[in-house]
Amino acid sequence: MIVERKIKVVTEQHNINKPAAQEGYPMKEWTVELYILDQDGKERPARCFTKVTYNLHPSFANPVQTFNDPPFKCTNEGWGEFEMIIDMYTTEKGGKISIAHDLNFQQSEYENIHTITFKNPSQALQQLLRETGPLPSDEERKQKKAVDGGSKKKRPYDIERMADGLTKLGEDDLLQVIQMIHDHKDDNTYIQNNLDAGEFSVDLYTLPDNLMKMLWDFLANVVS
């Protein structure tokens, strides 16, 4: 699953009453903040990131600055313009997204919008991303749920009861279910298997009918 979101980087700057470090270039105080935009284009706290690191010009005494809370406000003083790299981190393994930001003093305030992608986000990250809009799989789930609801009498399984039954399985039975899903899934099946975190997740609405029947029969035998 690929999820796209828009990130807004907001920069503010103004002159400060300090001696110029470079003749002809007044000293500035500047601030950079980072937001995520929702489906209506409104700024929202970028809670999908656990931290944001700003890689400043190497002439700064502290050129690598990290912030852990939205809007990840980075404030510094200086006289020169430069391009910085902003690293945004999620809880995913290898979950770093980087963008380049041009710090300049042409305007007192300006905004830059970047489109970024999240590849196969975990269930926890998916929930955070849903705060700013639906995910690509949501519409498919909604459509399939409507189909299931409209033809429930014709189907020998109930997805809601199946989801509840899966939460009651012991470790051995869960491993058997996971193997069953791996063996009989199709190209439309959405699963995520994070071995390092010990996490396996599956979207039941994306399973083929034959696999759903197998799981339903299995649960009927092991869940009282």
Side-chain angles (χ1 to χ4, degrees), residues 1-136 138 194 196-197:
M1 178 195 298
I2 301 296
V3 180
E4 287 192 349
R5 287 293 182 266
K6 293 186 182 297
I7 297 297
K8 178 188 283 187
V9 181
V10 180
T11 305
E12 297 181 5
Q13 61 87 17
H14 60 270
N15 292 349
I16 56 177
N17 187 21
K18 286 190 174 182
Q22 184 77 10
E23 185 177 353
Y25 294 89
M27 287 293 290
K28 305 275 188 177
E29 180 182 84
W30 53 263
T31 296
V32 177
E33 295 180 340
L34 188 145
Y35 300 89
I36 191 169
L37 300 183
D38 65 17
Q39 57 188 335
D40 298 318
K42 297 180 180 178
E43 291 180 5
R44 300 285 295 274
R47 300 198 315 114
C48 53
F49 300 122
T50 56
K51 66 179 181 179
V52 170
T53 296
Y54 298 85
N55 299 278
L56 311 183
H57 192 274
S59 60
F60 280 79
N62 180 22
V64 180
Q65 301 181 12
T66 299
F67 302 88
N68 300 306
D69 299 302
F72 309 105
K73 184 176 182 179
C74 178
T75 300
N76 286 273
E77 296 178 358
W79 59 268
E81 302 175 334
F82 61 93
E83 183 179 83
M84 69 177 73
I85 300 298
I86 303 176
D87 297 324
M88 301 165 289
Y89 293 85
T90 70
T91 56
E92 315 290 85
K93 181 180 180 181
K96 181 177 81 169
I97 302 172
S98 300
I99 57 176
H101 177 58
D102 176 34
L103 177 74
N104 65 73
F105 304 139
Q106 306 304 308
Q107 304 175 69
S108 59
E109 180 177 350
Y110 62 97
E111 302 171 350
N112 299 101
I113 296 177
H114 303 261
T115 299
I116 62 173
T117 59
F118 299 84
K119 184 177 181 181
N120 294 329
S122 66
Q123 293 293 322
L125 183 53
Q126 286 181 42
Q127 287 302 109
L128 291 172
L129 291 172
R130 283 191 176 95
E131 295 177 356
T132 52
L135 306 186
D138 290 345
N194 189 336
D196 292 333

TODO: Could you tell me which residues satisfy salt bridge (charged side-chain N to carboxylate O under 4.0 Å, His left out) with Glu81, sequence neighbours excluded, listed by chain and number?
DONE: none
Task: Passing candidate, side chain to side chain donor-acceptor pair (under 3.5 Å) with Thr11, options His101, Glu111, Glu109, Glu33 - done: His101
Task: Residues in side chain to side chain donor-acceptor pair (under 3.5 Å) contact with His114, at least two apart in sequence or another chain - done: none
Task: Sub-6.0 Å ring centroid separation between Phe60 and Tyr54 - done: no
Open item on the list: Tyr89: which residues meet the ring-ring contact (aromatic ring centres under 6.0 Å, His included) condition with it, sequence neighbours left out?
Closed with: none
Task: Residue pair Thr75 / Trp30, side-chain heavy-atom distance below 4.5 Å - done: no
- [ ] Could you tell me whether the side chains of Lys28 and Asn15 share a donor-acceptor contact shorter than 3.5 Å?
- [x] yes
Open item on the list: Any heavy-atom pair between the side chains of Glu83 and Leu103 that's under 4.5 Å?
Closed with: no
- [ ] Kindly give the heavy-atom pair with the smallest separation between Leu56 and Phe82, and that separation in Å.
- [x] CA-CE1, 3.8 Å
Open item on the list: Quick test of your reading of the model: are Lys18 and Glu77 salt-bridged, counting only N-O distances below 4.0 Å?
Closed with: yes
- [ ] Kindly indicate whether the side chain of Pro45, heavy atoms from C-beta on, has any atom under 4.5 Å from the side chain of Tyr35.
- [x] no
Task: Asn55 CG to Thr66 OG1 distance, which is reported to the nearest 0.5 Å - done: 8.0 Å
TODO: Search all heavy atoms of Val9 against all heavy atoms of Ile99 and return the closest pair with its distance.
DONE: CG2-CD1, 3.8 Å
